[in-house]
Each structure stands twice: as structure tokens, then as C-alpha cells.
Amino acid sequence: MNGAAGKNRWVTQWLQLLGLWLGVSDWAFAFIRYAIPEEMPKSSLVGNVVLDLGLDLQQLQARNLRVVSGGSRKYFEADLNTGKLLVNERIDREELCATLSPCVLNLQIIAENPLELYGVAVEVQDINDNDPVFLSKQMRLEISESVSPGARFPLESAQDPDVGINSLQTYQLSSNQHYALNIQTGGDNTKYAELVLEKTLDREQQKEILLILTALDGGNPPRSATLQVLIDVLDANDNIPIFNQSIYKASVREDTPLNTLVARTRAFDLDEGPNGEIIYSFSSHTPARVRQLFVLDSDTGELRLNGLLDFEEIKFYEIYVQAKDKGTNPAEAHCKILVEIIDVNDNIPEITVTSVYSPVPEDAAPGTVIALLSVTDQDSGDNGLVNCFIPFGTPFALSSSLKNYYTLQMKEPLDREIISEYNITITAQDAGSPSLMEKKQIFVKVSDINDNPPTFPQSFYDVYVEENNLPGAIIFNISASDPDLDRNSRLSYSILANEKYDRDLVSRSFSINRENGTIYILTLLDYENIMEFRLVVQVRDGGFPPLATNVTINIFVTDQNDNEPRVLYPTSGNSSLFSEIMSTVSPGYLVTKIVAWDADAGYNAWLSYVLHEATDPGLFAVGLYSGEITTTRSLQEEDSRKQTLIILIKDHGEPTLSSTATLIVTIAETSRETLTDFTVVSTTPQSKKHLTFYLILAIILISVAFFVTVVGVGSYKFYKWRQSKDIFKASRNNLYRTPEPFNHVDTVRSGFFPPDFYQQVLTADSCQSDLLYKMPFAPSTIGSRQSTVTRCDPTMYNQIISTSNRLLVPSEVMYVCPFPSVSGKLSSEPELELKLPGRYIISGKEGKRES
């Protein structure tokens, strides 16, 4: 069997080269052709497709090689172990193709990884497995003895379903003395026989003649069939019918309605009476199929359509008609009608999808083959010319490198986050008029890749946490989103190290839930220790490779009233403070000033002073916000020479915290110098001299140190400010936001001015009004988005005291950073401003005092 298959197989190498030349870069197409005889047993070898296509036998299993045919029956299969194409079931050429020759089965061999398509044409060759067949066993002819030699009489034709040399080739007639056999070839290459009268008949000598007609095909050995031809010799009928044409031609569309006139034959007979009356009929050898499709009127000779025509089945009919008179010895004549069937566009194109690549990764390159398909149309000419197309606006395109074969390819990149699936409508339309079309849907899903990093709704977050918090509490929940799918959108959160803050401090103070982004506080916060944190949170997806995004979270610690006021001035090593006044002082005399400080901020650090207890409550008064202790009346003889005052110092927090200071005031009878401090000091002239010297020396040293420090820090900050100038300009809208009075977390740490002072400032000129809304930023944070409160420097406080001719409180001193003017421009350097309620505004920048 292998030898026979090898002998009959022929591989057209030039077709392979043509298929490769027509191929595209992303898919392969080759074409091979085999020829096999029909009726081969199952598992017979057709050809070695692996060898002929140049494939790797070791990769057949992995590449899922398979055979795809258009019909419902699977005639062939591929052996993945040997790479051979085998017969899967019996093939009967006559059943498959009837009279069509050559009989070709078109197959597609598909291999995956990479996707390749190969065309295979298998020609099924005919074998001589069918005998010629006559429709009847006996044929009877009536021939008048008066018929002249040379008259022709058609005989019944035999049918042979084989084709080519195996079909009917010739006829043979048994030997006789009257008739010879004439073999004719029809327009469809069919063979038919005619009897030719060679010798005049004589009814008186022989009434009947029996002849044997043998039909032979061209097989080796030939097959045959026989037909008995019985001839009745009739008495003479002088004239025979004659057709006005020997051949009639007609063209009929295959969609012609029934009973339509196809052709009209006409014969005439010169005899009179019954001998001249003509009856039309089909010749005896007319096939049964013709008798089913056409009907002949016996009286008029009209040929009409009696069945449905099909151009795709038979394109041409040759019909034989005989005319016979009604005489005693009827004579007959014969003609031929050639009927051509005209094709109409009555077959819808068919789309066969052989392979679909779905889902498609969204990063697939343009040109990737998505599907392989073929189109067929059984019509001919323009009616069978099919064009395939898809709607515009899709990222796909159809291309064809071989007639009736198409590939659906990507023409643009895909994005699953925009469109995750496509329902592609493929339309096949022929060129007939009117044209017919068929539509087929191909569903393509787009698979996800990790091409989108997680994103946060904001670029940064500000979170406010009150100090003295509960450890383990949730302070914020941050959430990111990722448009990818499944693992690519599975997010995890973590806190990264920050250059500004100690990593250990951040890790000890905060933690984050990796799954949902909930941020917990782990330690007890102290506003007086650290006022703000900056966390860098990173969210990372679960793709490969993973994508990550960072976001900054600014955590501001808000103040609680958890610090009691402390007395700064006057200082004393004892629990009580001492002061001495003359007995001759007048009402309103300033005895001393209580200076207290609260480590809290804002309202929590706004202090008020109240005379809580006194030896003589009506003798002294305490300034509510200044802490100044003054006399309310002149001293009298009966007044005690030692007055004990208990001053209550309280803040304005919630709840209010307070502390007390005890002041012992002694009334001296003689004039003495006012002490600059309330501590016990020697009153000898020598001690005073030394004390004055040391105080002057200390003030000079402190002033020099402070001056050097201010110059150095100012130079360094000016240098840093110049570097961050661009950043400062870009962020100035966020940096200098006007705070709401009394409720901003970065209010001056050292306290607030009394409400009557703010009222005075608000009603003053515009310059003083601007001072109220200047935010207290430290010079080191100029150009930064964050605000940092700067505590009062005691050395600077001393310097200011030396210029004010009176004792000041820290709440009267504040640092002011550059602030936008009315025109929107920023001042170029910080200012040190001293606000004295209702009295003075001293500017450290200008070095002068204004009333």
C-alpha cells in the first residue's frame, strides 16, 4: 500500500514556494497536493505531511497538529507519532463528486505554538469499480420496410458513474446483414450509438430482427453491459416526418419557474390522414433525470421545465426528441435539443473558522494572528467571487494571502482596561447581483497584564492626631486603586524610611495594615516633643514585575492642655518670691511683674493672672494678662509691713490648668535701691560694685554670642533659601495660607495676646492689621510646605528687654516669616517684631521704634 501511495503521490514544490511567498510574518501557509485512488481501506497512507512540510516530528504533540475539513465527514487523520496523513474512512469518488472531475478534497492542517496553517489538496482518482448500466434490458424499434438505406435510429445509451478512461468508451453491435453501428460523442463527452440501415429491409423475408448492443468502458479489464434491440419490420409508409432543424439550442436560468417554455420543436409529414399526424416524444435513450426535469408536449413538440434546475449540479443538458407519424407502419424522425443552464446567485457564501486565539494578552504585538478562516461559494463567475471584511473602528484587520483564506490579525495595541472583550462580526459578500452575504461572530477576550501602577486619589495627605493618644488606635485609612485584574490588582501597603525622620522612630510610632492600608499609632505622642511626622507609604501590586507608587502622609500632632503654667520671673530658689517697696509709693506703682510660661500652644498657652489671696486684698492689683502687680492706693500706717500675695496663674485650655505663685512684699521705711532681682543680695557698696560689673560683663558676652549666632544662622539660612527659591515660589500658595485666629495647630507656642489687644490691632492702620495674620514660621523652614513653631530664645528676650525700658512677657514676642504684601510680593527676609498692647510696635529688622 505504501508503494502504491508513493507512486500516486505528487508534491508540488512550486506551490509550497508560492504559499510561503504569499505568507505574512506572523503566520505560515504552505500548500501540498496528494493523489490517491478511491476505495482505499482505512489507515492507508496518503503522504508524510511532516516530511513534506519540513516540520519537526518531535514537536508534533506539543504543537497540537490536527486536520480540519470543511464537511461533516472526516475522511483523513494525522498520526502524531509518525507524521503521516492516513485515510480515516472509505472514500467513494462517485458518491463524493458524481461526474465532477477531478475530484479534490481540500483540507487544512493546523499547528499551534507558533500558529501555522497548511493547505492540503487530496485528489481522489477514479478506479473502474462500476459497470455500464442500461436503463432497460430490451429496446424495441419499429422500422418500415420502405426506409431507405442510410437511415439512422438512435439507441438507448448506457450510464457509467466512473469518469475518465473508466467511463463508457464505446458500443459494439452483434453481427447482422442489415445494420451497422455508428458511435457519436455528445457535447458533454457522453457516448451514444445509432443504428444505420445499410441494406433494405424486406418484411416478407424477416418480420423481426434481434440485435445485441454491448456497452464497454475503458478499464483494464473492461466492464460491459448488454441491451437487446428488437426490430419490428413494418409495412411501407411512403413519407417520414422531418424536423425543420436537426439541432435546437436553448439557454435557461437555473431559477426559471416551472412550466416555462424551454424550446419548441416542429416536424412535418407530407402524408395525409393518420400517416401525416405527428406524435412527439423523448427518444428511448433519454436519461431518467432529463425526463424528471423536462416535459415534452406530444402534440405541439414544446419542451417545458418540469423540475428545479441546479447549475452547480449539471450545467448542460442534451435532449433527444423523436417525431413519429400515426400511420399503420409509423415512420419517425429525430432531433437534438441542447439546453445550457445559466448560473444565478443562489448560494450564500459560507464562512468556516478553523482556529481562534483567545484570550489575547493586551501586550500582544500588532500583527498577531487572532483567527484563521476560509470562505466558500458554490456559484460560478462573479457570483462565486467572495470578499470578506470586518467593521471599521476595531483594532483588528483581515488579510488574505491565498484565495478564500483569511487571517484575522491585530492592527493596533489592545488595552484591557478600556475594552476587555470584542465581538467581531465577519461579513462575507459575493459579487453577484443582487449580492448575498453571511455574517459570523468571533468572540475575543483580552487578558490582563500588569501595565498599570496603583494610584492614590491625592498626591499627599494631611492627618491631625491629638497628643496623649490611645496607642493602637486607627488614625487614618489610605486606599489606592489599580485597574488591572486578579493578582495584578492585589495591593499591599508598607511604610518606607524617610530621610528627615529616624526610621526606628517611625517604625516604633506607626504601623500599617498591608492588606487594607489602615494606619495605626503605636506610641503615646507628645506635642511638646515632636509636633509632626512625615510618612512615605508605598503601595505595591502583586503583578510580575510588581509596580509601586509612593504617597506622602503628613501627620500633625495637635496640642492638648497637659502642661501647667510655670513661673519664669521673678526667679527664686524658695517656694515664695520676695519684693520690697517703699512706704511712700503712690497708687499705680509697679511693684513687680509675674512672668509665666506654658509649654502648650494656642489657647492652652494663653495665660491669665488673678490675685487669689492677699494679706490686704485692697492694696494690690494684678494685670489680668500682663501679670503686673501694682498698688491700688497709698500705703497707710496701719498696713502690715509684710504683705503675702498668692497669684493664681491659669491657662485657657479645656480643662483649665493652673499654678500659683506666692509673692511676699515688704514695706521699707527708708529709701533703698530697687533690686533687679528678688534674691537676697549684699547691700554693701563693694558688693554692689562687683554685682554691677558682672551684670554688665554678662550682658556684653551674651550680646556678642547672640550677634555671632544670628549672623551665622542668617547666612546659612540665606544660602539655603537661595537654593530652594524655585521650590519656594511653586509652593507659596500652600505655605502662606491665612490661619483662622486661635485654632491653628502652629500658633505661637508662647501664648496669645488678650482679646482687647486684638481688637486694638484690628482697628489700627493696615500695617498693624497685617501683623495679626502673619504665621509664625521658623526661618529654617522658609521654602518648605510645613510650618514649625519656634520657641522664644531667652537671649533674644533679654536683648528686647534692654530696648523696651520695662519688663516684657514672652507672649509679646514672636518670629514672623516673609508674608505676602497687598501687591502679592513676598518680603525677602524674616522680621522680628515686638508687639506691645496699645503702646509700641518695635521692628527688629528696621532697628527703630514706632508709636
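Quick caveat, the model's predicted, so the values are computed rather than measured.
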**OP:** Compare all side-chain heavy atoms of Asp415 with those of Ile419 and state whether any distance is below 4.5 angstrom.
**Re:** no
Original post:
In Å, rounded to the nearest 0.5 Å, how long is the span from CG of Leu470 to CG of Leu524?
Top reply: 9.0 Å
Original post:
Taking atom CD of Glu515 as the centre, does the number of heavy atoms from other residues, nucleotides or ligands within less than 6.0 Å exceed 12?
Top reply: no
Subject >> Nearest non-hydrogen partners of Pro454 and Val539, listed with the distance >> reply: CB-CG1, 3.6 Å
Original post:
Aromatic ring centroids of Phe510 and Phe533 under 6.0 Å?
Top reply: yes
**OP:** Would you indicate whether Arg641, at its atom CZ, is surrounded by more than 12 heavy atoms from other residues, nucleotides or ligands within a distance under 6.0 Å?
**Re:** yes
Let me have the donor-acceptor pairs involving side chains of residues 471-479, under 3.5 Å, with sequence neighbours excluded, atom names and distances please.
unit_1	atom_1	unit_2	atom_2	d
Asn477	ND2	Thr518	OG1	2.6

**OP:** Nearest 0.5 Å please: distance from the OG1 atom of Thr552 over to the CD atom of Gln458.
**Re:** 12.0 Å
Subject >> Pairing residues for Pro453 by the side-chain contact (heavy atoms from CB on, under 4.5 Å) criterion, not counting sequence neighbours >> reply: Leu547, Thr549
Subject >> Arg633 bridged to Asp616 by N-O distance under 4.0 Å >> reply: yes
**OP:** Using side chain to side chain donor-acceptor pair (under 3.5 Å) as the criterion, list what pairs up with Asn469, not counting sequence neighbours.
**Re:** none
**OP:** Quick one: closest heavy-atom pair of Ala661 and Val567, and the distance?
**Re:** CB-CG2, 3.8 Å
Original post:
Does a side chain donor of either Asn604 or Asp559 reach within less than 3.5 Å of an acceptor in the other side chain?
Top reply: yes
Subject >> Minimum heavy-atom distance between Glu580 and Ala668, given as atom pair plus value >> reply: OE2-CB, 3.1 Å
Subject >> Flag for Gln560-Glu467: side-chain donor and acceptor within less than 3.5 Å >> reply: no
Original post:
In Å, rounded to the nearest 0.5 Å, how long is the span from OG of Ser658 to CD of Glu564?
Top reply: 7.0 Å
Original post:
Do the ring planes of Tyr461 and Phe456 sit parallel (below 30°), tilted (30 to 60°) or perpendicular (above 60°)?
Top reply: perpendicular
Original post:
Any chance the side chains of Asp482 and Asn488 put a donor and an acceptor closer than 3.5 Å?
Top reply: no
Original post:
Given the rule in the side-chain hydrogen bond (donor to acceptor under 3.5 Å, both in side chains) test, do Asp600 and Asn563 qualify, once you have shown the distances and angles that lead to the verdict?
Top reply: CA-CA 6 Å; Asp600 296 319; Asn563 290 280; 2.8 Å; yes
Original post:
Have Asn561 and Asp651 got a donor and an acceptor in their side chains that come within less than 3.5 Å?
Top reply: yes
**OP:** Find the distance between NE2 (His612) and CG (Leu648) and round it off to the nearest 0.5 Å.
**Re:** 6.0 Å
